[in-house]
Trainee: 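First the structure, then my questions, so here it is.
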There are 2 protein chains.
Amino acid sequence: MQEEGFTGILIRSPANIFYFTGYMGPGLLLVSVDGPPILYVYPLDYELAQNTCIDQVQISQLGMESSLKDVIESIPDSVKVKLGFDFMSAEDYLRLSEYLGNSLTPASKQVWRLRMIKDSDELEKIRKASEISSRCMELARDLIEDGVMESEVKAEVMKEMLKLGAEKAAFDIIVASGPRSSLPHGGLGDRMMKSGDVVVVDLGAVYQGYCSDMTRTFYIGSDPDDKIKEVYEVVSRAKKAAEEAAAIGVKVSELYEKSYEEIASKGYGEYYIHSLGHGVGIEIHEPPRVFRGVDEILSEGLVITIEPGVYLPGKFGVRIEDTILIRRDRIETLTSAPYDLELG
Amino acid sequence: MQEEGFTGILIRSPANIFYFTGYMGPGLLLVSVDGPPILYVYPLDYELAQNTCIDQVQISQLGMESSLKDVIESIPDSVKVKLGFDFMSAEDYLRLSEYLGNSLTPASKQVWRLRMIKDSDELEKIRKASEISSRCMELARDLIEDGVMESEVKAEVMKEMLKLGAEKAAFDIIVASGPRSSLPHGGLGDRMMKSGDVVVVDLGAVYQGYCSDMTRTFYIGSDPDDKIKEVYEVVSRAKKAAEEAAAIGVKVSELYEKSYEEIASKGYGEYYIHSLGHGVGIEIHEPPRVFRGVDEILSEGLVITIEPGVYLPGKFGVRIEDTILIRRDRIETLTSAPYDLELG
């Protein structure tokens, strides 16, 4: 903070507030060069903040009608000289700038630099979230068959996730079958699965505030046609190439390029329509984006997904994904479930 | 748009994009005075956009590495004279302002003016979401008993919600028992319910993109003590007072004041620590906030929650909530489930 000349930083994203305080909810955390950090919460959240916030942070209860501007007016001028913020809407920025002039300065990069590298306590939670996801994926695999609705699989998996101790799903579980499997995000709607379908299942659990993320692709029936086998094989190879390239000191863009080369070499480059992966932690999508042109270097404690995919519009799609941890000497795959395309 | 002198509006919130186009996902919608609206999406979402976007909107595929700035550079100067936006981060705003000067102008109020009033197609979806929520609440009521974990109720209810046709829950289902019932948001964690507990259940389903929201409070066992009965009674009366005051032309703040008067008259004013309610639609929390000082007027087609609560820290809390529709001649309560405090 001092290195960059900030006299104070306003932390407003609930994920960042949770990272620094242990309290998960709406509020405002002020970190300043003078005095202890202060967490401002509305009366609604005061008891929860008292129960969960670490001792080093002072808790201040806002009035029910207080605004962000009221808080800022109440803090000492010395803290407002160069006031960083992690996140703010343009409308709030414009309102506050009228009062603060040029003092307000984006500081999200500084916060992400801390959050990107996970400590052992965070890794324990991500590991547990990954175990829950892995068991849920095995359940999904068991449930998928001809005549079953996608929504039934989602419902059973969601129930299992909560029973295994997850607080919630990290994102809406995707069960996308048949032609819907070529939509990476699945989209709204439901479908009865049938023999001959490719089915993409993408899920992640949240455990004690931390996420995991994984995808498997299945085929209903025996003996998928050659095109499906070929695409499955090329995506598997792209994933392996990226994982083999992963080591401390390597740029994340290199992982993407390795996966792209595999896919493009079989003529599917134009159907690989997303990045290779993303950071995972308190949020399901964190920096770094694992993609072309991203210079971030792999470091110990970074947790990212590796999830190449190939999508043939109106036909089918294949994606295979694990959450991995960069360790000093190797990568560790945190999620695990069989990789077989064929069920049973 | 023309009334306020906008030459173009950038729509970036996925909820707003869904409202105007039927496509739900990331992207950018440009509405301009020259030519048709254009929906910009990344390759990842192009097929879904083609399948779901209304015909009146042109779809343009972005390059995988295109930025918001690239899109803006590509649009005609005549559209950039006064460019409104629904939502933008301060960082994006600062980046774009360097290029656009003072042209960028917040326009979220104009969009909310449209979204606040629901048409019959939207109401049909909110009705269905409310029916699903109501059935889920009845299931929760059946499951709550001494010895059951809060997470088990959440898991069964979540499964039922998806089986009944919801795409997802509108927010993490809250089952907060015993002393946890005094935390309006429940917080992380799990607890085994036992006789003598007050249990607050707050849930909502999403159906075809539209939300519903409801809360009931239960007591496990027979003959709750007088304090619990008294608080339950005062919250019930506060809800009734607000509903009786609701009619076209009344300010939303008046509904809050009616509910506050009831609660304060019994000495619980300081324990009523949130607003009376909020708008409900594509998002679970929409304007108007139903609270002190909010001048918004009730109009036909407005859908809001009515959810007074009283929370005694460390002891118990009570909240009762329904989603209501303002109709020409009366209010209609869209969610329904028994209001009895005692189970069975």
Side-chain angles (χ1 to χ4, degrees), chain A residues 23-26 42-48 50-52 64-65 85 87-94 96-97 104 106 108 149 151-152 154-156 158-163 165-169 172-173 182-190 208-209 270 273-275 291-293 311 313-314, chain B residues 23-26 42-48 50-52 64-65 85 87-94 96-97 104 106 108 149 151-152 154-156 158-163 165-169 172-173 182-190 208-209 270 273-275 291-293 311 313-314:
Chain A
Y23 159 76
M24 177 72 97
Y42 284 100
L44 176 64
D45 299 303
Y46 186 66
E47 190 186 356
L48 182 64
Q50 282 184 308
N51 294 349
T52 54
M64 282 182 68
E65 293 161 81
F85 60 86
F87 178 79
M88 193 173 290
S89 70
E91 291 187 53
D92 279 341
Y93 178 84
L94 290 167
L96 292 178
S97 289
L104 276 175
S108 64
M149 299 297 291
S151 60
E152 289 179 67
K154 286 192 214 179
E156 294 291 346
M158 192 64 228
K159 177 179 157 184
E160 183 70 7
M161 198 178 272
L162 294 171
K163 286 210 164 175
E167 285 113 47
K168 56 178 176 180
D172 300 331
I173 295 169
S182 72
L183 303 170
H185 288 147
L188 300 181
D190 196 8
Q208 292 189 6
E270 67 180 295
I273 51 178
H274 54 65
S275 55
F291 191 52
R292 181 164 292 157
Y311 308 87
Chain B
Y23 158 75
M24 176 71 97
Y42 284 101
L44 174 65
D45 300 303
Y46 186 65
E47 190 186 357
L48 182 63
Q50 282 184 308
N51 294 349
T52 54
M64 281 183 67
E65 295 163 79
F85 61 87
F87 178 79
M88 192 172 291
S89 70
E91 291 188 53
D92 279 343
Y93 177 83
L94 290 167
L96 292 179
S97 289
L104 277 176
S108 64
M149 298 297 292
S151 60
E152 288 179 66
K154 286 191 214 179
E156 294 292 346
M158 193 63 227
K159 176 179 157 184
E160 183 69 8
M161 200 179 270
L162 294 170
K163 286 211 164 174
E167 287 113 46
K168 58 178 175 178
D172 301 330
I173 295 170
S182 72
L183 303 170
H185 288 146
L188 300 180
D190 196 7
Q208 292 187 9
E270 66 179 299
I273 52 180
H274 54 63
S275 55
F291 191 50
R292 180 164 293 158
Y311 308 88

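These numbers were taken from a predicted model, which means no experiment stands behind them. The figures here come from the full heavy-atom set of this structure, side chains too, leaving out hydrogens, waters and symmetry mates. A, B, ... follow the sequence lines: proteins, then strands. Residue 1 opens every chain.
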Trainee: Check each atom of A/Ser275 against the heavy atoms of chain B and say whether the ones under 4.5 Å are side chain, backbone, both or neither.
Mentor: backbone

Trainee: Report which part of A/Asp190 has an atom under 4.5 Å of a heavy atom belonging to chain B: side chain, backbone, both, or neither.
Mentor: neither

Trainee: For the pair B/Tyr93 and A/Tyr93, name the ring-plane relationship: parallel under 30°, tilted 30 to 60°, perpendicular over 60°.
Mentor: tilted

Trainee: Heavy-atom distances under 4.5 Å only: say whether A/Met158 touches chain B with side chain, backbone, both or neither.
Mentor: side chain

Trainee: So which atom in A/Ser182 and which in B/Glu47 form the shortest heavy-atom distance, rounded to 0.1 Å?
Mentor: OG-OE1, 2.7 Å

Trainee: Under a 4.5 Å heavy-atom cut-off, does chain A meet the side chain of B/Phe85, its backbone, both or neither?
Mentor: side chain

Trainee: Measure A/Leu94 against the heavy atoms of chain B and call it side chain, backbone, both or neither at under 4.5 Å.
Mentor: side chain

Trainee: Are B/Asn51 and A/Leu183 side-chain neighbours, meaning at least one heavy-atom pair lies under 4.5 Å?
Mentor: yes

Trainee: A/His274 versus chain B, heavy atoms under 4.5 Å apart: side chain, backbone, both or neither?
Mentor: both

Trainee: Hey, which of B/Glu152, B/Glu167, B/Lys163, B/Glu65 has the most heavy atom pairs under 4.5 Å with chain A?
Mentor: B/Glu65

Trainee: Counting only non-hydrogen atoms closer than 4.5 Å, does A/Tyr311 touch chain B with its backbone (N, CA, C, O), its side chain (CB onward), both, or neither?
Mentor: neither

Trainee: If I compare all heavy atoms of A/Pro43 with all of B/Ile273, which pair ends up nearest, and what's the gap?
Mentor: O-CD1, 3.7 Å

Trainee: Go through the atoms of A/Asp92 and report whether side chain, backbone, both or neither lie under 4.5 Å from a heavy atom of chain B.
Mentor: neither

Trainee: At a 4.5 Å cut-off on heavy atoms, which part of A/Phe291 comes close to chain B: side chain, backbone, both, or neither?
Mentor: side chain

Trainee: Counting only non-hydrogen atoms closer than 4.5 Å, does A/Lys168 touch chain B with its backbone (N, CA, C, O), its side chain (CB onward), both, or neither?
Mentor: side chain

Trainee: Quick one: of B/Arg292, B/Lys154, B/Glu160, who has the most non-hydrogen atom pairs under 4.5 Å with chain A?
Mentor: B/Arg292

Trainee: I'd like to verify something: which residue of B/Gln50, B/Glu91, B/Met24 has the highest number of heavy-atom pairs under 4.5 Å with chain A?
Mentor: B/Glu91

